[in-house]
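Residue numbering restarts at 1 for every chain, and letters A, B, ... go by the order of the sequence lines.
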Amino acid sequence: MSSKQWYETFPKALDLNKLIFKIGEVSKMVSVSSRQLRYWEQKGYIKSNRSNNHNSRVYNFYNLLRIANIKNRINQGYTLIGAVHKVNEHGNNLNTVFSFMRESFHGIKMIHGNPAINLGYFDHHHKQILYGIIKSNQEVEYQLINKSDAFN
DNA sequence: ATTCTGACA
DNA sequence: TGTCAGGA
């Protein structure tokens, strides 16, 4: 009775500070080229953190959300600068937040005895699924799993 | 394999 | 913005 139920570890997976993605991952998720991400950052429109070891960019959930917002505005017809101003004025658009969460969360399943969050297809060809696996030490590990192997 | 910076037939 | 080079 004292042992926690597996789903009690679920909230840990929603620790947004642990939702960190590399530039290539962000690029695929929000359909913004890595070239654009670097340029936007250079112009001061967005921000990223550097993984101390490889000096490569990493983006947390909030940075990702901001990028998604800017991208959405551009899709709506705004210029890059216009999109940035709009996002700065209104902050994160709830519709974007919800649509992002809705499109990103695809349920939970057990993988190798650990609860894992299905974050949806990672590639445009729908061959790989991104999972956020909650390990026994409460750490979250992201892993790409081939669609065919995801139903074992 | 992935990312980084600089540069432009 | 895309893309390629030349390194890490």
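With contacts defined as side-chain heavy-atom distances shorter than 4.5 Å, the pair A:Ile111/A:Ile145 qualifies.
Between A:Lys43 atom NZ and C:dT1 atom C1' there is a gap of 13 Å when expressed in whole angstrom units. Between A:Gln42 atom CD and C:dT1 atom P there is a gap of 12 Å when expressed in whole angstrom units. In this structure, CD of A:Gln36 is placed 15 Å from P of B:dT3, rounded to the nearest angstrom. We find that CD of A:Glu25 is positioned 10 Å from P of B:dT2, with the value rounded to whole Å. Atom C1' of nucleotide C:dG2 and atom CH2 of A:Trp40 are separated by 15 Å, given to the nearest angstrom.
In this structure, A:Lys71 and A:Val30 approach most closely via the heavy-atom pair CG-O, 3.5 Å. Considering all non-hydrogen atoms of both residues, A:Lys22 and A:Tyr59 come closest at C-CD1, 4.4 Å. Closest of all the heavy-atom pairs between A:Leu144 and A:Gln128 is CD1-OE1, 4.0 Å. In terms of heavy-atom proximity, A:Ala116 sits nearest to A:Tyr131 at CB-CD2, 3.9 Å. In plain terms, the two heavy atoms of A:Ile74 and A:Thr79 that are nearest each other are CG1-O, 4.5 Å.
With respect to A:Tyr39, the side-chain contact (heavy atoms from CB on, under 4.5 Å) criterion is satisfied by exactly one of A:Glu41, A:Gln36, A:Lys43: A:Lys43.
Across B:dT2, B:dC4, C:dT1, the shortest atom-to-atom separation from the side chain of A:Leu80 is found for C:dT1.
Judged purely by atom type and a 3.5 angstrom limit, A:Ser27 uses its side chain to pair as donor or acceptor with the backbone of A:Val32.
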Notebook entry, point to check: How does DNA chain C look in dot-bracket notation if pairs are Watson-Crick or G-U with both distances under 3.5 Å, crossing ones as [ ], other-strand ones as |?
Noted result: .|||||.|

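Residue A:Ser33 is classed as a sugar-phosphate contact, given heavy-atom separations below 4.0 Å to backbone atoms only.
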Please enumerate all protein N or O atoms sitting under 3.5 Å from an N or O of nucleotides 5-9 of chain B, with distances to 0.1 Å.
residue, atom, partner, partner atom, Å
B:dT5, OP1, A:Arg50, NH2, 3.2
B:dT5, OP2, A:Arg57, NH1, 3.0
B:dT5, OP2, A:Arg57, NH2, 3.0

